[in-house]
Participant: 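First the structure, which I've put down as structure tokens, then a few questions once you've had a look.
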Amino acid sequence: MSLFRPLLSILAASALAACATSAPTSAPGVPEKVVTSAYHGDAARPAEGIGWVRTELYFATGQWVASPEETAASEQRWLDFLDREVTPRFPKGLSVIDVYGQWLPPGASTPSRLRSKELVVHHPDTPEHAAAIEAIRTAWKQETGHLSVLRSQLHADVSF
């Protein structure tokens with residue numbers, strides 16, 4: 001037993017040493033690259049962006065209780081819309097989150113439970129970007145016949 005503990009300690013130390021990594025070193029004569037948390041070298045994705053906004057749009061894509069076929073068709077319709085209407089307006093990046101949505105339509109006594117998508121776009125606060133957001137909302141309403149696409153917007157200072 002007394003011989004087993006030192007052997008176990010040596011094995012454990014060896015295993016931990018194998019997990020350690022050292023910082024990469026530059027070749028002789030090549031200056032080392034300074035790495036920071038921010039992304040540099042792309043004006044569209046600033047290291048420090050002030051005067052930006054975070055826009056969230058909420059799209060109902062189908063009933064919460066739906067057949068697998070209906071769910072698949074709704075998902076495909078959303079992806080087609082995303083490719084056709086959203087990505088061309090915000091090609092530099094966006095996020096889409098699957099969410100559960102619920103709202104009480106006018107005159108209804110129970111809420112509608114809906115599969116929904118939350119679109120999140122960080123962008124400069126410009127009239128052009130605001131118009132692009134409104135065009136996306138309008139396009140979804142025209143395509144689906146829905147009454148609304150909820151828009152929420154917050155001021156944001158960003159860093160990529």
Side-chain angles (χ1 to χ4, degrees), residues 11-12 15-24 33-160:
L11 287 173
L16 288 174
C19 292
T21 60
S22 59
K33 182 178 179 181
V34 177
V35 177
T36 68
S37 62
Y39 181 60
H40 295 278
D42 182 353
R45 297 171 182 90
E48 292 183 28
I50 297 172
W52 281 50
V53 293
R54 172 192 167 113
T55 300
E56 301 168 359
L57 300 178
Y58 294 85
F59 302 85
T61 57
Q63 294 299 314
W64 185 251
V65 178
S67 71
E69 295 80 18
E70 290 170 325
T71 301
S74 295
E75 188 67 19
Q76 188 58 56
R77 180 159 113 182
W78 166 256
L79 291 173
D80 292 344
F81 178 82
L82 189 66
D83 291 344
R84 185 180 64 255
E85 299 290 342
V86 181
T87 302
R89 290 181 170 97
F90 292 97
K92 295 192 175 14
L94 53 89
S95 298
V96 176
I97 304 161
D98 288 318
V99 296
Y100 166 85
Q102 183 173 299
W103 83 298
L104 186 63
S109 60
T110 59
S112 291
R113 293 179 169 88
L114 303 167
R115 293 180 189 277
S116 301
K117 301 288 185 181
E118 177 186 8
L119 172 67
V120 180
V121 184
H122 287 85
H123 57 87
D125 191 7
T126 65
E128 296 80 17
H129 287 101
I133 292 292
E134 291 308 303
I136 292 167
R137 295 175 72 199
T138 300
W140 184 256
K141 288 171 62 176
Q142 286 175 337
E143 183 171 317
T144 63
H146 292 175
L147 299 176
S148 70
V149 173
L150 175 64
R151 174 184 181 165
S152 174
Q153 189 166 292
L154 302 169
H155 293 281
D157 294 336
V158 301
S159 174
F160 288 86

Participant: Does Asp125 reach the side chain of His155, with side-chain heavy atoms less than 4.5 Å apart?
Facilitator: yes

Participant: Between Gln102 and Pro111, which heavy-atom pair has the shortest distance, and what is it?
Facilitator: CG-CB, 3.5 Å

Participant: According to salt bridge (charged side-chain N to carboxylate O under 4.0 Å, His left out), who are the partners of Asp98, at least two apart in sequence or on a separate chain?
Facilitator: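 Partners of Asp98 under the salt bridge (charged side-chain N to carboxylate O under 4.0 Å, His left out) test: Lys117.
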
Participant: Measuring only between side-chain heavy atoms, which start at C-beta, is Val53 closer than 4.5 Å to His122?
Facilitator: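 With C-beta onward as the side chain, the pair stays apart.
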
Participant: Check the pair Leu147, Trp103 against side chain to side chain contact (heavy atoms under 4.5 Å, CB included), reporting the backbone distance first and the verdict last.
Facilitator: CA-CA 12 Å; Leu147 299 176; Trp103 83 298; 4.0 Å; yes

Participant: Which atom names give the shortest non-hydrogen contact between Gln63 and Arg113, and what distance separates them?
Facilitator: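 Nearest pair, atom of Gln63 first, then Arg113: OE1-O, 3.6 Å.
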
Participant: Can you tell me which residue among Leu57, Leu82, Val149 is in a side chain to side chain contact (heavy atoms under 4.5 Å, CB included) with Ile136?
Facilitator: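 Running side chain to side chain contact (heavy atoms under 4.5 Å, CB included) over Leu57, Leu82, Val149 with Ile136 returns exactly one hit, Leu57.
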
Participant: With a 4.0 Å cut-off on N to O distance, would you call Glu75 and Arg115 a salt bridge?
Facilitator: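 So Glu75 does not pair with Arg115 through a salt bridge.
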
Participant: Test Phe81 against every option in Thr87, Thr144, Val86 by the side chain to side chain contact (heavy atoms under 4.5 Å, CB included) rule and name the one that passes.
Facilitator: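 Among Thr87, Thr144, Val86, the one meeting side chain to side chain contact (heavy atoms under 4.5 Å, CB included) with Phe81 is Val86.
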
Participant: Students often mix this up, so state it plainly: with edges at 30° and 60°, are the rings of Phe59 and Trp78 parallel, tilted or perpendicular?
Facilitator: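 Because their plane-to-plane angle lies in the 30° to 60° range, the rings of Phe59 and Trp78 count as tilted.
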
Participant: Could you list the residues that satisfy salt bridge (charged side-chain N to carboxylate O under 4.0 Å, His left out) with Glu70, not counting sequence neighbours?
Facilitator: none

Participant: If every non-hydrogen atom of Thr110 is compared with every non-hydrogen atom of Pro105, which pair is closest and at what distance?
Facilitator: O-CD, 4.1 Å

Participant: Kindly write out the residues that satisfy ring-ring contact (aromatic ring centres under 6.0 Å, His included) with Phe90, not counting sequence neighbours, or none if the list is empty.
Facilitator: His123, His129

Participant: For Ala60 and His146, which heavy atoms make the closest approach, and how far apart are they?
Facilitator: O-CE1, 3.0 Å

